[in-house]
Amino acid sequence: AAEGSYARLADEMEKTVTELTLTRESAVDARNAFAQNLANIAHQLKTPLTALSLAAQDAGAPTRRVMEPQLDRLTRLEESLLLLARLDAGTLPLHPEPSDLFTLLMMAADNLQPLAEEAGVAIDVAEAGTDTLPVDPDWTTEAFLNLMKNCVEHAPAGSTVYCACTRNPLHTEVCIRDEGNGFSSADLGHLFERFYRGTNARPQSTGIGLSIAKELLERQNALLTAENAPEGGGRFVVRFYR
């Protein structure tokens, strides 16, 4: 009887392992198919975008002023879809090298200066000692830029987006916060979902930037969270664990 019980247990365990293996293979196949579909959509957008861009150049100034913002938005969408496809397919190469996070924050802030000036928002990156971590400098800067951009877009004119870098024996922490109204309770649990547009999302938002930032950072042993700051406004906290 004991041998029969063990045999039945072994049989059930084997069935469970087989089902889990098949489920994993199906999930991987679905992820790869989704990545391929994203890449196909992005490539399909490229040809009409090129044609529209050429048409905008030949159009009169009033028409061009109307077309250019929409073309810029579609171009960013196409680039984001291609990036998501590469992330899902595992074909985005990350090249970690000793990088100073303060320098990467400054690079992201410099790239956002035109947008910040247009919005009347200042970006303040606090002075910090050298803290070198093995991260991909280009893609980490891209992630910081997406987080800062979200703060700039939700900050009131005349306010400041603050960026600070601190460290302890366990991790290095980057905090990026604005002085806006903060995140609504309904949005907090969904901010990093793809294509999610929050309550106060801008009309030109695609809902992709924060999800891209999260994936780029998490692939480098970092944890990204969003919360409402005690002093007001929303903030993003990135922790790079040692």
Report the distance from atom [atom1] of [X] to atom [atom2] of [Y], rounding to the nearest 0.5 Å.
{"X": "Thr21", "Y": "Arg24", "atom1": "OG1", "atom2": "CZ", "value": "8.5 Å"}
{"X": "Glu173", "Y": "Leu101", "atom1": "CD", "atom2": "CG", "value": "11.5 Å"}
{"X": "Leu224", "Y": "Leu191", "atom1": "CG", "atom2": "CG", "value": "9.5 Å"}

Would you say [X] and [Y] make side-chain contact, with heavy atoms under 4.5 Å?
{"X": "Phe102", "Y": "Val125", "value": "yes"}
{"X": "Glu179", "Y": "Arg177", "value": "yes"}
{"X": "Val161", "Y": "Ile176", "value": "yes"}
{"X": "Met106", "Y": "Cys163", "value": "no"}
{"X": "Leu20", "Y": "Thr23", "value": "no"}
{"X": "Cys165", "Y": "Thr172", "value": "yes"}
{"X": "Glu19", "Y": "Val17", "value": "no"}
{"X": "Thr132", "Y": "Ser99", "value": "no"}

Heavy-atom closest contact ([X] atom, [Y] atom, distance):
{"X": "Ala109", "Y": "Ile123", "result": "CB-CG2, 3.8 Å"}
{"X": "Gly207", "Y": "Ser211", "result": "O-OG, 4.4 Å"}
{"X": "Trp139", "Y": "Leu94", "result": "CD1-CD2, 3.6 Å"}
{"X": "Asp138", "Y": "Asp136", "result": "N-OD1, 3.1 Å"}
{"X": "Leu216", "Y": "Glu142", "result": "CD1-CG, 4.1 Å"}
{"X": "Ala143", "Y": "Leu217", "result": "CB-CG, 3.8 Å"}

Say whether [X] and [Y] are linked into one hydrophobic cluster, either directly or through other cluster members, by side-chain heavy-atom distances under 4.5 angstrom.
{"X": "Leu147", "Y": "Val237", "value": "no"}
{"X": "Met148", "Y": "Tyr162", "value": "no"}
{"X": "Met107", "Y": "Val238", "value": "yes"}
{"X": "Leu87", "Y": "Phe195", "value": "yes"}
{"X": "Leu112", "Y": "Val174", "value": "yes"}

Discussion item. side-chain contact (heavy atoms from CB on, under 4.5 Å) for Leu105 and Thr141? Distances and angles first, verdict last.
Written reply: CA-CA 7 Å; Leu105 286 169; Thr141 301; over 6 Å; no
Fill in: Short side-chain to backbone donor-acceptor contact, Asp178 and His154, under 3.5 Å
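No, the answer is negative, given that no donor and acceptor are paired below the 3.5 Å cut-off.
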Discussion item. Pair Phe240, His171 - check ring-ring contact (aromatic ring centres under 6.0 Å, His included), show working.
Written reply: CA-CA 5 Å; Phe240 293 89; His171 59 257; 9.9 Å; no
Worksheet item: Going through the distances and angles, do Leu115 and Glu117 end up as a side-chain contact (heavy atoms from CB on, under 4.5 Å)?
Response: CA-CA 6 Å; Leu115 177 66; Glu117 290 175 3; over 6 Å; no
Worksheet item: Can Ser184 and Asp187 be said to form a side chain to side chain donor-acceptor pair (under 3.5 Å), step by step?
Response: CA-CA 5 Å; Ser184 73; Asp187 291 338; 2.9 Å; yes
Discussion item. Surrounding CD of Glu231 (heavy atoms of other residues, nucleotides or ligands, distance under 6.0 Å), is the total greater than 12?
Written reply: yes
Worksheet item: Using a side-chain heavy atom cutoff under 4.5 Å and only I, L, V, M, F, W and Y, what cluster partners does Tyr241 have?
Response: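 So far as hydrophobic clustering goes, Tyr241 is joined with Leu223.
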Worksheet entry | Test of ring centre spacing under 6.0 Å for Phe236 and Phe183 |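 Judged by ring-centre distance (under 6.0 Å), Phe236 and Phe183 do meet the cut-off.
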Item to complete: Please collect all side-chain hydrogen bond (donor to acceptor under 3.5 Å, both in side chains) contacts where either partner lies in residues 215-230, sequence neighbours excluded, each pair once.
Response: Thr140-Gln220, Arg194-Glu215, Lys214-Glu218, Glu227-Arg235
